[in-house]
Amino acid sequence: MDLKKLTLVAVLAISQAASAVPAFAEAVNNTSGNTNAVGAAATSETNLMPEATDPLPPMPTEVPGGVISPTPTPTPIPGATTEPTTEPATTTEPTSTTVPTATPIPTATPGTTTQPIPTDGVRAAASNQLVLMMNSNKMYQNGVEYLANQPMAVKNGVSYVSIRAMVERVGVKYIYDYKTKETIVTKGTDVMRFKTDSKIYSVNGKNVTMKGPAYQFKGTFMVPLTSITGALGIPYTVDNVQKRVILTLNTKPKASFTVPTEIYAGDPVNFVTSSSSPNGTAIVDERWDGNKQDVYDTPGVYVVSYSVMDANGQWSDPYSVTINVLKPNTPPVANFTTDKDSYKMGEMITYSDLSSDPDGDPIEVTWTNKAEAFFTPGPATVAIQVKDSHGATSTFEKTINISDEILYSKEDFYRLFGVPGSVFNIDGSMVPTWQKVAYNLSSEPYNLIRSNSPETVNTEGITYKETSFGGTRFLVHHKNNMNIKTKVYVIAKNNNLYPTTITTEYVGFGGPNSYPEGTGKMSVERYWKSMITREHYKTTVLQPGESVSILTDLNKIAMKPGEIVSLQADLFSDYPIEYNVMMIDANKDPLTTLPTLPILDRDGVHNRGTYADSTRIITVTDEVGTTPARLLLGDNSSDLNLIGVDPMNGTEASNAGNFGVLYKIKFDRVAPNSLITFNPRGGNYMGPVMVNGQIVQMPTSGSLSSADMNSVIYRTGDYGGSVEILFTAASGSNLPVNFLVTPLPAKK
């Protein structure tokens, strides 16, 4: 070949190589070790850059929310041929113009030829795969070659594809909004928005950051491959040897159904179906396989399958459920007996519950008119109702006869036989004439923080602010009077130069609800329980300057308007800790909100303050129970109020009623056949005490609403002994109160 022909061939080869390079492709470093670089470049109206030699190294799969998992590179297929460097020409889209409404993107241009994918290992793919060729606009799906409107390319180290060509092949809906410069892709109920020149796309309003910004090139909207596959939930692998990306498409619809967790023979069965298509194609048909019945007459195991078909004629994989049909429920049987059929007034009645359930199900028992004794002559009908876990019920009644003979009066009966927590009436006007119990008084150094004013909180703010060291007891009682849901927080801050440890010892929380007595009763009950179980015991280490929310039972549930929370808790810190009690909008972060809050004023009715020595120890050494006597608490006379300070304004505070004070009462000698009861003197009261390590409600149900009501706490037998009582006044109730010690009447 002469020199002129050689020169012509060389020029032609260079021009062909230059025309194959996308104008927007940029060279990247080859991280996979491939050294077959193409260095050709050409110029046109736009500056052309060299084609990337390895445009798509092994990439992680990007998913909304930023979760990334690596995808391994597949094993190269032996004997694969190299993809040609030149591609057929594509039709350039017209330049977009702004329109008032969103406009659908035109469809991708098919290739000039349509043919089966060769089996040379380069382009071969399964029917559920979409193969994208690197540095090319060729795509292969179901044995058909397609041409994207722009080739896959690399820009600033990020592999880009035409979003239009991708979603067309995947089969989801899309439009381009010229006004917002967004491509909007819809897959089922998911809506994805990609914006020109932005690295952020959104899925159902949630933003996700892409590896590079979306951009437009010659009317084609280009996005990072990892982002569009992540948004559409399409897994892919990268074959760097054969220069291709293999996307695995799931085009089958999906079917499922649910049935009740328990199905009984003879009962109707509700089959609730659900179906969807990954590309939003309509579901047009369904079928059931197996033993589907609206009513199963016979107990046993049945397998039922459900499938759906979309508008493209594709059937889903069968969704199967094994149904265990149980035998029909048998109602429970209610029954009871009494030890006799006839009783005197005031005579103890012994009941034996004989109720049962043939299926062995647990049953709920409700008694009507069941009394330990009756005090009115005539017939008395007692009923029992039982209900099983399926709602089936049974009722049984028995009528017993009460004669006109009196064995015990009502007061004597409950003194002798009333269980702890039971209530009987006395002449409350006589109690103040009883002798007071003499005792020795001492205290333990526990700082009490009483946050109870303003009790009704009308605006967000700090209800208490104090620094305490060592043993610290919290009494928190507040009502939400705002028109929003709120939460109460206790924030502990370490202002020391060294780590400080807070030890949580006992915690009792009540609420939120609208009944102040109920929240107070529940908080005290749980406070006693935590002493028994030590379930709340833990340590928290605060670094210098660190703030944390403690006693988090307070804010697990938001308070609705009108609701109340109560808390009693004991802590210990090895160095001083700053504590802030606050009520804020339930949606706000407490730590960031705290510096912006005002300190709220007292309400002028309720109490707040810091009080030292809030554990009072009362020791009674004389024998009690031989004559009526009383121990009076919370009256500010026999039992003086704690005096402290309101740290927010520096004024003196008096703890009216001594709420929050823990009383440890020790009767060294209680006479044989003695009774200890609880008698309110200031008004309505409900809350438990702890007697010899056992929690006793005062009363078991309802409340003690007057000074004539007495609740049984403890009874000695034929032998006396010591009795230890722990008492703290329940928030929402009233003080003062009496503990009464009296001799028991003689048994008959």
Side-chain angles (χ1 to χ4, degrees), residues 420 436-450 468 470-475 503-508 520-521 523-534 536-537 567-572 611-625 629-644 655 657-670 674 676-680 685 687-698 711 713-714 716 720-731 733 735-741:
K436 293 181 180 179
V437 172
Y439 58 82
N440 299 319
L441 179 65
S442 60
S443 62
E444 293 178 352
Y446 238 94
N447 288 328
L448 169 64
I449 291 176
R450 182 179 177 186
S468 181
T472 303
R473 177 169 296 126
F474 280 89
L475 179 66
T503 302
T504 303
E505 297 175 330
Y506 316 123
V507 178
K521 173 185 176 181
S523 67
V524 173
E525 181 177 345
R526 291 172 176 169
Y527 180 66
W528 299 139
K529 183 181 177 183
S530 72
M531 285 189 180
I532 298 171
T533 64
R534 298 183 66 83
H536 291 284
Y537 186 90
L567 173 91
Q568 184 141 344
D570 290 357
L571 312 177
F572 184 90
Y611 306 98
D613 302 326
S614 64
T615 298
R616 286 191 166 174
I617 302 173
I618 294 175
T619 304
V620 180
T621 58
D622 295 338
E623 185 181 51
V624 295
R630 62 191 176 113
L631 174 62
L632 181 61
L633 300 179
D635 67 332
N636 198 28
S637 177
S638 300
D639 179 38
L640 297 176
N641 292 349
L642 284 175
I643 303 300
N655 188 12
N658 276 341
F659 285 87
V661 173
L662 174 62
Y663 292 89
K664 296 181 177 180
I665 305 167
K666 174 70 177 298
F667 292 101
D668 285 341
R669 294 187 298 153
V670 181
S674 298
I676 302 176
T677 58
F678 182 84
N679 173 239
Y685 193 95
V689 293
M690 189 145 67
V691 182
N692 290 347
Q694 301 295 317
I695 299 173
V696 177
Q697 299 291 343
M698 301 184 305
S711 183
I713 292 178
Y714 186 81
T716 61
S722 64
V723 178
E724 294 183 1
I725 299 174
L726 296 183
F727 170 74
T728 188
S731 294
S733 290
L735 275 290
V737 296
N738 273 318
F739 286 91
L740 306 181
V741 187

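- With sequence neighbours excluded, no residue satisfies side chain to side chain donor-acceptor pair (under 3.5 Å) with Asn738.
- Closest non-hydrogen pair, Val737 versus Pro680, comes out as CG1-CA, 4.3 Å.
- Summarising the geometry of Ala612 relative to Asn447, their closest heavy-atom pair is CA-OD1, 3.7 Å, with the distance given to 0.1 Å.
- Counting heavy atoms from C-beta outward, Leu726 and Met531 have side chains that approach closer than 4.5 Å.
- Evaluated for a side chain to side chain contact (heavy atoms under 4.5 Å, CB included) with Ile665, the options Val691, Val723, Leu631 yield exactly one hit, Leu631.
- For the pair Asn641/Asn658, a side-chain contact is recorded, criterion being any heavy-atom separation below 4.5 Å from C-beta on.
- Using a 4.5 Å heavy-atom threshold, the side chains of Val696 and Pro688 count as separate.
- Side-chain contact check for Tyr527 versus Asp570: some heavy-atom pair is nearer than 4.5 Å.
- For Ser711, there are no side chain to side chain donor-acceptor pair (under 3.5 Å) partners, not counting sequence neighbours.
- For Pro736, the side-chain contact (heavy atoms from CB on, under 4.5 Å) test picks out Leu632, Asp635, Arg681, with sequence neighbours left out.
- Classified by interplanar angle (parallel below 30°, tilted 30° to 60°, perpendicular above 60°), the ring pair Phe678/Phe727 is tilted.
- With sequence neighbours excluded, the residues that form a side-chain contact (heavy atoms from CB on, under 4.5 Å) with Thr621 are Asn440, Thr619, Asp668.
- Looking only at side-chain heavy atoms (C-beta outward), Ile618 and Leu441 come within less than 4.5 Å of each other.
- With sequence neighbours excluded, the residues that form a side-chain contact (heavy atoms from CB on, under 4.5 Å) with Val741 are Val624, Phe667, Ile676.
- Of all heavy-atom pairs spanning Pro445 and Asp613, the tightest one is CA-OD1, 3.4 Å.
- Put simply, the side chain of Thr728 gets close to the backbone of Val661: a donor and an acceptor are under 3.5 Å apart.
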inquiry  = Between Val689 and Phe739, does the side chain to side chain contact (heavy atoms under 4.5 Å, CB included) criterion hold? Intermediate values first, please.
reply    = CA-CA 11 Å; Val689 293; Phe739 286 91; 4.2 Å; yes
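- Nearest heavy atom pair, residue Gly634 against residue Tyr663, reads N-OH, 4.3 Å.
- No side-chain heavy atom of Phe659 sits less than 4.5 Å from a side-chain heavy atom of Leu448.
- Of the possible donor and acceptor atoms, one in the side chain of Arg473 sits under 3.5 Å from a partner among the backbone N and O of Ser614.
- Looking at Tyr439, its side chain never comes within 3.5 Å of a backbone N or O of Lys666 through a donor-acceptor pair.
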message = I'd like to know whether Met690 forms a side chain to side chain contact (heavy atoms under 4.5 Å, CB included) with Ile532, so could you lay out the CA-CA distance, the side-chain angles of the two residues, the decisive distance to 0.1 Å, and finally the verdict.
response = CA-CA 10 Å; Met690 189 145 67; Ile532 298 171; 3.7 Å; yes
ask   = Checking side chain to side chain contact (heavy atoms under 4.5 Å, CB included) for the pair Thr503/Tyr537: CA distance, chi angles, key distance, verdict?
value = CA-CA 7 Å; Thr503 302; Tyr537 186 90; 3.6 Å; yes
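- Panel note: side chain Thr615, backbone Tyr446; no donor-acceptor pair is recorded below 3.5 Å.
- Every residue two or more places apart in sequence or in another chain that forms a salt bridge (charged side-chain N to carboxylate O under 4.0 Å, His left out) with Asp639 is listed here: Arg616.
- Taking 4.5 Å as the limit, every side-chain heavy atom of His536 sits out of range of all side-chain heavy atoms of Arg526.
- Shown here is Glu623, whose CD atom has more than 12 heavy atoms of other residues, nucleotides or ligands within 6.0 Å.
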